[in-house]
Amino acid sequence: RFERFLRERLGGVSLDDVQSTNHRRADYLCLRGLVAIEIKSLEDSPTGRMDHLLDELRERDDWPMFLGSAPADAFIQNMENPEEVRRDVIERVGRGVINPLKKANRQLEAHNNSYPRARCVRVLALINEDNEEYDPHTVSYILWHAVRKILAGKPRFEHVDAIIYLTERHATIRNNKVTFPVVSVGGPALYDAPWKAEVVQLILDRWGGLTYGETFSGEAVEDFATIDHIPEVAPRSERWRTEYRRNPYLRSLTKDELKDRFDEVALLATLPMLKNSPLKLPPEGSQLAMQCWSDMMEELAERAMPITEL
């Protein structure tokens, strides 16, 4: 779809159509050669690297315990050195982002040598199709720091003027519409030549107009959540989790109120398991109690509250 956008909205010409694929160059020339765009997909999943890091962290004495599952950041928040651990996480995830950036920098340099032009904006379009770890906040952080690194007196990625990051694995709701993030990270060239920033903004506006009908500027990248894959047939516990994420009714409770509610929910969830229970719940009551327990675990994980705080 992005390549169709380049052809239809930016007058893009695929250089694969006019040149040998063995020749190193950008993928598309757009706006009559004013913009050279290299397209890279984030295909290298960081899951294996993250699993290895989490295995190491579980051996530490300060590894917290949660009821049920919890996102990795909930565990990290409760460790003794969360910022140091987060840097390790970003380093593991960042490898899958920096490698395509390195390749694009070389290809755009070669393109510049093959198509010398006084005015040209060199753009890397980085596309994530299905890796939830590449959330817009993490990727923008990695890219922002990468393009500002200096080696031998020059920007490390001096041949990339700007990076546009697209992901449809993350979204938010704006004006009752599912809204996807589009992150733009500018290199030093955009500050030295402000007209290049205007060209990048033109690309963003046209992309938003084609795909979503309208764009919203200034949305915080932290506001976008991962889109879960929901199968047609799912276990009852997974359906409960999905229902609670759509309606997190416990979110309005204070921490102390949530602790009180935890005691109530734990008591009701325990009753069906007791051999001589003082209170016999009907089958539908037992199922409701288990669903409330599932909702409680989801909320505790969202708030990063380990067992030690209950």
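The figures here come from the full heavy-atom set of this structure, side chains too, leaving out hydrogens, waters and symmetry mates.
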Minimum heavy-atom separation for Tyr244 and Leu250, please, with both atom names.
OH-CB, 3.1 Å
Sub-4.5 Å side-chain heavy-atom contact between Pro181 and Tyr165:
no
Looking only at heavy atoms, the pair that brings Gln107 and Lys40 closest together is OE1-NZ, 2.6 Å
Could you walk me through whether Arg87 and Glu91 satisfy the salt bridge (Lys or Arg N to Asp or Glu O under 4.0 Å) test, starting with their C-alpha distance in whole Å, then the side-chain angles of each, then the deciding distance to 0.1 Å, before giving a yes or no?
CA-CA 6 Å; Arg87 284 194 292 270; Glu91 191 277 331; over 6 Å; no
With the threshold set at 4.0 Å, does a side-chain nitrogen-carboxylate oxygen contact exist between Glu243 and Arg246?
no
Quick one: does Val160's side chain get under 4.5 Å of Arg122's, heavy atoms only?
no
Let's go through Glu83 and Arg86 carefully: what are the C-alpha distance in whole Å and the side-chain angles of both, what is the deciding distance for salt bridge (Lys or Arg N to Asp or Glu O under 4.0 Å) to 0.1 Å, and is it a yes or a no?
CA-CA 5 Å; Glu83 292 307 316; Arg86 285 195 180 96; 3.0 Å; yes
I want to know whether His145 and Tyr141 have ring centres closer than 6.0 Å.
yes
Between Ser140 and Val183, which heavy-atom pair has the shortest distance, and what is it?
CB-CG1, 3.7 Å
Which atoms form the tightest heavy-atom contact between Ile203 and Phe5, and what is the distance?
O-CZ, 3.6 Å
Donor-acceptor contact present, side-chain Arg148 to main-chain Trp144, <3.5 Å:
yes
Checking Leu166 against Trp207 for the side chain to side chain contact (heavy atoms under 4.5 Å, CB included) test, could you report, in this order, the C-alpha distance in whole Å, the side-chain angles of both residues, the deciding distance, and whether it holds?
CA-CA 10 Å; Leu166 308 174; Trp207 169 254; 3.7 Å; yes
Audit row: Leu54, Phe75, side chain to side chain contact (heavy atoms under 4.5 Å, CB included) steps and yes/no
CA-CA 10 Å; Leu54 292 176; Phe75 289 90; over 6 Å; no
Test item: Met305 and Leu258 side chains (from C-beta on) under 4.5 Å apart, heavy atoms
yes
Is any side-chain heavy atom of Asp62 closer than 4.5 Å to a side-chain heavy atom of Asn81?
yes
With the threshold set at 4.0 Å, does a side-chain nitrogen-carboxylate oxygen contact exist between Arg261 and Glu257?
no
What's the verdict on side chain to side chain contact (heavy atoms under 4.5 Å, CB included) for Asn78 and Phe66, showing C-alpha distance, side-chain angles and the deciding distance?
CA-CA 11 Å; Asn78 289 278; Phe66 283 85; 3.7 Å; yes
Gln201 vs Asp205, test: side chain to side chain donor-acceptor pair (under 3.5 Å). Steps then yes/no.
CA-CA 6 Å; Gln201 187 59 50; Asp205 291 341; 2.9 Å; yes
So do His111 and Glu38 actually touch side chain to side chain, heavy atoms under 4.5 Å?
no
What one should report as the nearest heavy-atom pair of Ala146 and Ile98 is CB-CD1, 3.6 Å
For Arg32, is the CZ atom crowded, meaning more than 12 foreign heavy atoms sit under 6.0 Å from it?
no
Side-chain touch Leu42/Arg169, heavy atoms, less than 4.5 angstrom
no
Can you name the nearest heavy-atom pair linking Ser184 to Val200, along with the distance?
OG-CG1, 3.6 Å
Quick one: do Arg117 and Leu29 satisfy side chain to side chain contact (heavy atoms under 4.5 Å, CB included)? Show the steps, please.
CA-CA 12 Å; Arg117 181 182 170 123; Leu29 279 180; over 6 Å; no
Is a side-chain donor or acceptor of Asn99 paired with a backbone partner of Arg95 at a separation under 3.5 angstrom?
yes
Residues Glu133, Arg92: salt bridge by 4.0 Å N-O rule:
no
Assess whether a salt bridge exists between Arg241 and Glu238, defined as any Lys/Arg side-chain N lying under 4.0 Å from an Asp/Glu carboxylate O.
yes
Leu101, Leu143, Ile164 screened by side-chain contact (heavy atoms from CB on, under 4.5 Å) with Leu126, the one that passes:
Leu143
CG of Asn131 to OG1 of Thr47: how many Å apart, nearest 0.5 Å?
6.5 Å
Apply salt bridge (Lys or Arg N to Asp or Glu O under 4.0 Å) to the pair Glu80 and Arg60, showing each step before the final yes or no.
CA-CA 10 Å; Glu80 294 177 357; Arg60 292 175 39 160; 5.5 Å; no
